[in-house]
Amino acid sequence: MMHNFYFSKRLGLASAVFLVAALTSCGKDSTSPGRTPATVAAATTPPANATVGVPIRPGPSVLVTDAGGSPVSGAKVSFDVTAGNGAVQYPIVTTDENGVASAGAWQIGGAGTNTVTATVDGLAPVTFNTTAVVGSSAQILKRSGDKQIGHINTDLPTPLTVQVVNPGGIGVSGQTVTFTVTGGGGSIAGSPAVTDANGFATSGTWTLGPTFGTHSVVAQTGSLQTTFTALVDPCEDRLSSLAVGGTVNGTLAFSSSRCAMAGAATDRYSVATGTGAVQIAMSSADFDALINVWNAAGTALYATNDNASSGTTDAGLRLITAATTKTVDATSAAAGKTGNYTLSVTSTSSDVANCSPVYIEVGASTDQTLATTDCKTNFAPAATAAQTGEGVWKNTNVSGDAFLVYIAAGTTVRISQTAQPLDAAIAFYGPDGSLIIFRDNGGVGANPEVINYTATVSGYYRIVAGSYCLLYNDPYQAGCDYGPYTLSVITP
């Protein structure tokens with residue numbers, strides 16, 4: 001547009017401002033938000049076909065124009081998914097300076113027709129359609145059954161499950177999956193299997209072979225495959241029975257079929273005990289003997305011993321037992337050592353009669369007698385007033401029986417001492433030797449002394465069972481200082 005304006009010196013300021021405004025108005029950008037949308041049309045067209053779960057980029061976009069066909073900026077456009085259950089990245093957008101609004105990526109939903117409708121108030125909507133198909137397989141994924149631990153020639157508890165998915169991570173049905181044993185021997189049932197509506201296929205039972213170490217199965221569909229593994233652990237599988245009263249002559253060695261724990265060759269034995277106590281002893285001229293006693297599953301420690309006494313590398317311990325099965329490790333205190341050893345388990349007295357603590361397993365109960373000949377140093381160090389709630393003990397050089405119990409962090413135990421006429425008293429020490437709790441009910445024949453405790457750290461805790469009368473030098477009733485009592489350690 002031509003503008004011929006003559007600016008005279010006589011032209012007033014107001015007139016000059018008017019002319020400048022006229023020039024500016026006449027040259028105003030036609031994409032101004034002040035223009036009224038008259039039409040909306042597709043600016044981009046999606047492909048006719050798409051893959052379920054895979055986004056279309058770029059997604060739907062529209063062009064908004066006014067009655068004269070000029071683009072309108074700042075117009076609000078709503079993009080709504082009206083078929084297929086997909087999603088758009090930007091459901092509400094305003095047009096840019098070119099009059100274009102884009103929904104961003106269009107996430108395709110289910111198979112079949114997928115539709116997005118673009119709407120500007122007062123105008124006919126614009127519809128975008130694409131036909132979605134599941135498409136070809138892109139991955140085979142492990143869903144369950146991997147990394148199990150089992151025994152030789154036995155069935156694993158969990159079958160193997162895979163999912164075959166397309167590039168969008170959506171399960172592909174009707175795909176044939178074969179399961180093939182590739183390591184360790186054994187067999188697997190239920191192969192081949194066909195994926196269900198969600199792309200899942202599950203094998204039959206995987207029976208492990210006769211070898212120790214890693215076993216493997218490959219699941220394959222077409223050129224896609226994934227590998228499942230299982231472990232036959234010699235530490236779990238090489239478990240020999242040893243009866244109370246029995247002795248075994250063994251040899252520590254390393255091989256793929258031998259157990260090794262923390263780099264130390266280990267032989268494991270299953271020992272069933274009744275209630276009472278056992279003495280476990282191990283000797284070797286070839287290495288520093290070490291004994292560990294666990295529960296049957298080998299997951300909860302009961303007792304351990306490196307040197308039975310000073311000046312020896314033989315191991316030995318006494319354990320107060322419940323009627324349970326234990327796993328006993330015969331091993332070396334130093335990694336890498338091998339050689340011959342002798343291991344024995346014998347019944348023994350449960351009476352605690354010296355200053356060496358006796359191990360007690362959680363779940364055991366024992367009848368004991370506090371006597372003048374019992375250890376005189378087990379109650380040191382003395383408790384503080386805050387710890388006892390009754391003041392510092394008047395005597396620490398008094399008889400007391402000590403027991404060691406292994407408690408894993410987070411485990412709650414209930415320790416009780418029942419006695420009459422002895423006035424029961426229990427001191428409970430942490431793995432670092434500090435006193436944690438002292439219990440005395442202050443009366444002969446009253447309710448049992450009970451400690452309920454949840455371990456904050458794993459380790460061996462010490463229980464000292466004694467008499468209130470001895471600790472406080474206060475024999476207020478005859479017979480309250482020495483006598484029989486029952487100690488139990490259980491999980492409540």
Side-chain angles (χ1 to χ4, degrees), residues 30-143 161-175 194-201 221-222 224:
S30 62
T31 62
S32 167
R35 294 188 175 274
T36 302
T39 61
V40 57
T44 59
T45 303
N49 298 296
T51 300
V52 171
V54 178
I56 295 175
R57 292 187 175 92
S61 63
V62 295
L63 171 64
V64 179
T65 56
D66 62 11
S70 297
V72 177
S73 65
K76 186 176 77 172
V77 182
S78 298
F79 292 93
D80 299 300
V81 174
T82 51
N85 294 318
V88 291
Q89 187 176 9
Y90 306 122
I92 299 177
V93 190
T94 56
T95 55
D96 61 16
E97 62 184 6
N98 298 310
V100 175
S102 173
W106 180 6
Q107 179 70 41
I108 299 301
T113 300
N114 279 242
T115 303
V116 168
T117 300
T119 305
V120 176
D121 287 346
L123 302 180
V126 177
T127 300
F128 300 87
N129 293 305
T130 187
T131 300
V133 296
V134 173
S136 59
S137 305
Q139 286 182 288
I140 181 170
L141 306 173
K142 291 180 284 190
R143 292 308 189 193
T161 298
V162 296
Q163 186 183 22
V164 180
V165 297
N166 73 356
I170 306 300
V172 182
S173 64
Q175 305 301 298
V194 178
T195 58
D196 62 15
N198 295 311
F200 290 95
T221 180
L224 304 174

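Side chains are part of it too, since the values below use all heavy atoms of this structure and drop only hydrogens, waters and symmetry mates.
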task = Without swapping roles, check the side chain of D196 against the backbone of V194 for a donor-acceptor pair under 3.5 Å.
result = no
remark   = Shortest non-hydrogen pair, N98 vs L63, comes out as O-CD1, 3.3 Å
task = Report yes if the side chains of V134 and S173 come closer than 4.5 Å at any heavy-atom pair, otherwise no.
result = no
task = Quick one: which residue pairs count as a side chain to side chain donor-acceptor pair (under 3.5 Å) with a foot in residues 37-53, not counting sequence neighbours?
result = T39-T65, T44-S61
query = Sequence neighbours excluded, which residues qualify as side-chain contact (heavy atoms from CB on, under 4.5 Å) partners of I170?
reply = V52, N166
ask   = So do the side chains of D66 and T36 get within less than 4.5 Å of each other, counting heavy atoms only?
value = no
task = Please report the shortest heavy-atom distance between T195 and A201, naming the atom on each side.
result = CG2-CB, 3.9 Å
request  = Give a yes or no answer on whether the side chain of Q163 reaches the backbone of N198 with a donor-acceptor pair at less than 3.5 Å.
outcome  = yes
remark   = Correct closest heavy-atom pair for G168 and V54 would be N-CG2, 3.4 Å
key: Over all atoms of both residues, closest heavy-atom pair of P167 and A138   = N-CB, 3.5 Å
Contacts table for residues 101-108: side-chain donor-acceptor under 3.5 angstrom, sequence neighbours left out:
from : atom 1 : to   : atom 2 : distance (Å)
S102 : OG     : G104 : N      : 3.2
Q107 : NE2    : G53  : O      : 2.5

message = Which residues pass the salt bridge (Lys or Arg N to Asp or Glu O under 4.0 Å) test with K142, not counting sequence neighbours?
response = D146
query = What heavy-atom pair brings G110 and A132 nearest, and what distance separates the two atoms?
reply = O-CB, 3.4 Å
Residues 76-86, side-chain donor-acceptor partners within the protein, below 3.5 Å, at least two apart:
from : atom 1 : to   : atom 2 : distance (Å)
T82  : OG1    : T117 : OG1    : 3.2

request  = Please report the shortest heavy-atom distance between L123 and A38, naming the atom on each side.
outcome  = CD2-O, 3.3 Å
inquiry  = Show every side chain to side chain donor-acceptor pair (under 3.5 Å) that has at least one partner inside residues 129-138, sequence neighbours left out.
reply    = T115-N129, S137-Q175
request  = May I ask you to decide if A75's main-chain N or O and T95's side chain share a donor-acceptor pair within less than 3.5 Å?
outcome  = yes
